[in-house]
There are 2 protein chains.
Amino acid sequence: MADRAPSDSPSGTLARPRRSDATRAAILTAARDRFAADGYERATIRAIARDAGIDPSMVMRYYGNKEGLFVAATEIDLRMPDLTAVDRDGLGERLVRHFLDVWEHDERLTGMVRVAVTVEAGAERLRAVFRDQLAPVIAAVCPVPDEAPVRAALIGSQIIGMAMARYVVRIPPAAGLGHDEVVAWLAPTVQRYLMAERP
Amino acid sequence: MADRAPSDSPSGTLARPRRSDATRAAILTAARDRFAADGYERATIRAIARDAGIDPSMVMRYYGNKEGLFVAATEIDLRMPDLTAVDRDGLGERLVRHFLDVWEHDERLTGMVRVAVTVEAGAERLRAVFRDQLAPVIAAVCPVPDEAPVRAALIGSQIIGMAMARYVVRIPPAAGLGHDEVVAWLAPTVQRYLMAERP
DNA sequence: CTGGCATGTCAACAGGTGTTGGCCTACGAT
DNA sequence: ATCGTAGGCCAACACCTGTTGACATGCCAG
């Protein structure tokens, strides 16, 4: 029972900075790296603490338990662009290029996939990203907004599948493709999932 | 140093049946279930042994160590059909329907994906399936056989992505689709990855 | 200056892990 | 009938896990 009140944003809206913010940030950074690299089980609290240069018990103090740390460390922001300003025929390409870009600049995504497969809290995270970040953007440009969840799921399935092939499992032919090749192959798929009338 | 010689096929080519074949089979069955349900780390040898109704040390005796057990328990057979006998325009549908069927009748596939994401031996397994089972069948019907690995990787990315969405992460809109709907959406994609000329 | 509290360390707990070696049992070839 | 050996169980090892509580320290408000 120490400081349970301000457990949300590290440097949040109006909360004045705490003396421990640097430590909290170090923990989160280390946790992100470990979760992404090793998955949930193998990313031990001790290893994370060691990376952050502090004692394991600090992790417990600030994040309650391992799952709390995981939740705090893996807030995902897909940084979805505004698609309503994009040429209708270029949506597929725009989306694929965006995902390639995001994926290679934020190792959290690979970590999220790794964890989503293993532990329920991770799966829920991934479902939430689909529901709250991907689907709404799709709905904004989708001919029939009601179909947005299904279309988002289809698009997501192709994106996650390619991410698995390239970044997680590293299947050679997929990992070896250049950005433009991936875009050339996947863009028409995404475009169809987005715009084609329901088959 | 007990019986290291016949460590291969449980009831192999010409090896006479061993008295322990039933036990070995029980271990493998239990291991498959646990690996598929829990992933590599959470599937403990003790739990597998309990399911199989034997002592944990038997697992070690017969399969050396946990990774050996994993390798033995997760031999994947995609049961790929002969595509050369299929109508050229129906290849996409044939493939998607086949994968849906295989996936829902063999929980090992979900297990393999779960493990491939976590431990290197699992990833290698998945790569081998792509290389040895998927790519050759693709090569047999692909206009330019040299492109088979890339095309197989593309097809596999969409298949694995949909499997992730439906069976692993269980994203509601994807998991709720009927077989025919999945086929209707994915078949054109696979058909294009298979047949369309390189973009 | 001083007391309170956040920050941080240390050491330990209780439980679970993969793995090992010793021992008993009973089958099957001789 | 006998004896080697494969099959099986038991108990333990050494280690690692998440988690906890007691104790030191130093900042900052009063």
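Chain letters run A, B, ... following the sequence lines, proteins first and then strands; every chain starts at 1.
Side chains of A:Glu104 and A:Tyr167: a donor-acceptor N/O pair is present below 3.5 angstrom, by distance only.
With rounding to whole Å, A:Arg24 atom CZ is found 9 Å from C:dG8 atom P. In this structure, the CG atom of B:Leu69 is 10 Å from the P atom of C:dG18, given to the nearest Å. As rounded to whole Å, 15 Å separates atom P of D:dC28 from atom CZ of A:Arg18. If you measure from atom CZ of B:Arg34 to atom P of C:dG16, you get 14 Å, rounded to the nearest angstrom. Taking atom OH on A:Tyr63 and atom C1' on D:dG18, their separation rounds to 17 Å, with Å as the unit. Summarising the geometry, the separation between CE on B:Met60 and P on C:dG18 is reported as 9 Å, rounded to the nearest angstrom. A straight line from CG of A:Asn65 to P of D:dT19 spans 5 Å, rounded to a whole angstrom. The NZ-P distance, from A:Lys66 to D:dC16, rounds to 15 Å in whole Å.
The side chain of B:Arg61 sits closest to D:dC9 out of D:dC9, C:dT7, D:dT20.
Note on B:Thr23: a side-chain N or O is less than 4.0 Å away from OP1 or OP2 of D:dG8. In this structure, A:Ser20 reaches the C:dT7 phosphate: one of its side-chain N or O atoms is under 4.0 Å from OP1 or OP2. Of the side-chain N and O atoms in B:Tyr62, one or more sit less than 4.0 angstrom from OP1 or OP2 of D:dG8.
A search for side chain to side chain contact (heavy atoms under 4.5 Å, CB included) contacts involving B:Arg170 returns A:Arg127, not counting sequence neighbours.
In this structure, A:Arg32 does not pair ionically with A:Glu75, as no charged nitrogen and carboxylate oxygen lie closer than 4.0 Å.
In this structure, A:Gln133 contributes its side chain and A:Ile76 its backbone to a donor-acceptor pair below 3.5 Å. With A:Glu181 contributing its side chain and A:Gly178 its backbone, the two residues share a donor-acceptor pair below 3.5 Å. In terms of modelled atom types and a separation under 3.5 Å, the side chain of A:His105 and the main chain of A:Asp101 share a donor-acceptor contact.
Residues from residues 40-58 of chain B that place a heavy atom under 4.0 Å from any atom of DNA chain D, listed by number: B:Arg46, B:Ile54, B:Asp55, B:Ser57, B:Met58.
Rounded to the nearest 0.5 angstrom, A:Ile159 CD1 and A:Leu109 CG are separated by 11.5 Å.
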